[in-house]
Amino acid sequence: MRWWQKTVVYECYPRSFLDTRGQGTGTIEGIRQKLDYLSSLGTGAIWITPVYVSPMVDNGYDIADYCAIDPLFGTMEDMDKLISDARDRGIRIVMDLVFNHTSDQHPWFLESRKNRENPRSNWYIWRDAKVDGSAPTNWRGIFGGSAWTWCEERGQYYLHTFAKEQPDLNWEEPEVRKALYQCAKFWVDKGIGGFRIDAITYIKKPEVFLDGTPDAEDGLVSVHNMTANTPGILDFLHEFREHTVMGTDLFTVGEANGVSAEELPEWVGEDGGFDMLFEFSHVNLEFKKNEIWTRPDPWTITELKEALRNSQNHTRDAWYPVFFENHDKPRCVDHFFSDKANRTAAAKAIGTILYTMRGTPFLYQGQELGMNRVHWDNIEMYNDISSLGQYELALKEGKNKEEALAAVHRFSRDNARVPMPWNSEKNAGFTEGVPWLKTHEDAEQLCVQQQLNDPDSVLSWYRTLAELRRSHTSLAESSYEEVLAEDEDILGYLREIGEEQILVLVNLSEKEKTYKFDEPGYTILLESCKKHSPGILHPLEAVVLCLKMR
Ligand code: NOJ
């Protein structure tokens, strides 16, 4: 087994993690200072969302220099120190590669936009206007509004899958790919542990650009539905692998919105482009066709079970990154459960699956505290660019301000981006200055300091889960077999290797459930409610049992 199959990856959103300079935003040094804390969660790798030079239109996902650190986060020396101090503790750093697009302030784009003749003129996706002067197609960018922006200097439009400040690179141009691979190599040579590769499904564009049937009142169609996962994309990814990580011990995990569980075998494993791929069906159950926040689809726990089953089934010969949260998604305690659910129990239930399912757990900052969404009553309090786009779209669709805000409240990416609460001091110990985003209103109860002193807290549960993974290293290697598959609410599975059989049962519903499972007797490894009663699972109860040999 490879090292990254046996460990936990912690996703760190540095801007909100820990500020060591009183500036209101987190720093690289802040991550370094918390390495022991991260170790206690079983962390063997930290995926850091972008800290490169950036105008920060999309909080760093708009990169102006792939090989330099933005002064907001610190210096390259801070980064080198983090890489080396982390390594001393057995933790590798994972960098976020944003290769579908750059910032519009990247020197490549500044050159490309000048005219149609310059050496980088073909590095981005340029197209002429339609005869009436309008955009080449009716595609809507992921953050709202047209996916095309007019450039006066060139007299052409450029394509941006995301914000207008994030122009898409033209991967068909070999020089672009070469330049990107060199940037990746720069980080490989620094001794990092891997790459998370952003928005990868969009790098290949269709040969012909066509208008689509509008899917909302703005007359546009989501660019995602027109370009994601275009055939031929895998050739690029194989080439990327060959020129960057092949022959090293680094891992790659792609962000692949638009790739289905059934398609995973083509994408991951020895012959695929990546070691792992984030497949989103289990966290996108409410957006089956397109992500318009005022129009979520209803979904059931049975569908959640089905989505998890599919991704497990389709990665049997490969590997799966288990995740329930990230910096783009609502907190899992809100996402999967009702407002009435016991949040501690809900967080423990999801945590148990995260750490015991087959695959590498990806734990998102604050998830180990059971953080939930924030309650803000004004759109001005939100920073997330997609929240603002969705708010505008909702108003265009005839919703009133309250309705538009309710959708933002539910799905805003800021829910996952509020500062990490460390203690009950000023700004929850996140900063001495003014935090860039308001701290969570329940920071005092949620904070690390508080939870460390409470054996029943979500954080203590995660530390116990980490201990379980340490004492049962075989959990990483054992097989995965679903049990109680017909039950609507209980997720159950057996992890088996050699003589060891571990049974995990999680009641994902908010009601008591009975179950029948013919086991030969067991010892309890973990129980999230006070005392597990055989055959009964309390609302949101999770148990991990070691079965006796027959
Ligand atoms: C996916 C990232 O996770 C998200 O935060 C970002 O806004 C987009 N890609 C664009 O890079």
Side-chain angles (χ1 to χ4, degrees), residues 9-17 26 47-66 70 94-106 109 124-125 139-145 147 149 158-169 171 180 183 195-203 222-224 227-229 252-259 274 276-280 283-284 287 291 293 321 323-331 362 364-367 382-390 408 411-418 436-437:
V9 182
Y10 188 90
E11 183 196 347
C12 179
Y13 197 70
R15 200 180 178 85
S16 301
F17 192 63
W47 152 26
I48 302 182
T49 60
V51 286
Y52 317 97
V53 169
S54 161
M56 303 288 167
V57 170
D58 185 19
N59 289 352
Y61 280 93
D62 46 323
I63 298 172
D65 186 344
Y66 289 105
D70 195 284
V94 175
M95 297 300 278
D96 207 320
L97 285 186
V98 186
F99 277 0
N100 173 67
H101 46 269
T102 66
S103 159
D104 64 347
Q105 299 307 310
H106 196 293
F109 186 72
Y124 294 82
I125 318 274
W139 302 347
R140 179 190 316 106
I142 307 253
F143 296 151
T149 291
Y158 65 88
L159 179 69
H160 46 89
T161 298
F162 296 90
K164 69 176 188 327
E165 296 86 353
Q166 292 167 297
D168 281 36
L169 284 158
W171 272 67
L180 291 174
C183 297
F195 290 119
R196 176 264 189 188
I197 300 142
D198 186 72
I200 203 62
T201 31
Y202 302 115
I203 60 172
S222 169
V223 65
H224 174 86
T227 64
N229 204 0
T252 54
V253 55
E255 187 215 19
N257 214 349
V259 173
F274 295 110
M276 295 178 270
L277 203 74
F278 291 124
E279 182 268 313
F280 283 85
V283 289
N284 275 352
F287 297 119
E291 198 170 329
W293 291 357
F323 79 103
F324 294 94
E325 283 189 20
N326 65 28
H327 62 286
D328 295 328
K329 290 280 153 210
R331 293 293 189 175
F362 278 70
Y364 177 61
Q365 163 177 323
Q367 183 176 355
Y382 288 88
N383 165 283
D384 163 30
I385 188 169
S386 66
S387 298
L388 309 179
Q390 291 275 355
V408 168
F411 295 112
S412 173
R413 303 192 299 177
D414 285 341
N415 283 316
R417 297 176 179 187
V418 294
W436 74 282
L437 206 58

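Start at 1 with the first residue, then count along the sequence. These numbers come from a predicted model, not from an experiment. Whatever order the structure lists ligands and atoms in, that order sets their numbers, starting from 1.
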(message) Please find the pair of heavy atoms, one from V408 and one from S387, that lie closest to each other, and give the distance.
(response)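 It is CG2-O, 3.7 Å.
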
(request) Starting at CG of D62, measure out to CE of M56 and round the result to the nearest 0.5 Å. (result)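 Going from CG on D62 over to CE on M56, the span is 7.5 Å.
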
(request) Hey, could you give me the OG/CG distance between S412 and L388, rounded to the nearest 0.5 Å? (result)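 S412 OG to L388 CG: 8.0 Å, rounded to 0.5 Å.
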
(request) Quick one: list whatever passes salt bridge (Lys or Arg N to Asp or Glu O under 4.0 Å) with D58, sequence neighbours left out. (result)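 D58: salt bridge (Lys or Arg N to Asp or Glu O under 4.0 Å) contacts with R413.
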
(request) Mind checking salt bridge (Lys or Arg N to Asp or Glu O under 4.0 Å) for D104 and listing every partner two or more places apart, or none if nothing turns up? (result)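 So D104 forms no salt bridge (Lys or Arg N to Asp or Glu O under 4.0 Å) with any residue.
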
(message) I'd like the contact residues of ligand 1, where contact means a heavy atom below 4.0 Å.
(response)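 Correct list: D58, Y61, H101, F143, F162, R196, D198, E255, H327, D328, R413, R417.
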
(message) Using the side-chain hydrogen bond (donor to acceptor under 3.5 Å, both in side chains) criterion, which residues pair with H327? Sequence neighbours excluded.
(response)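 E11, Y61.
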
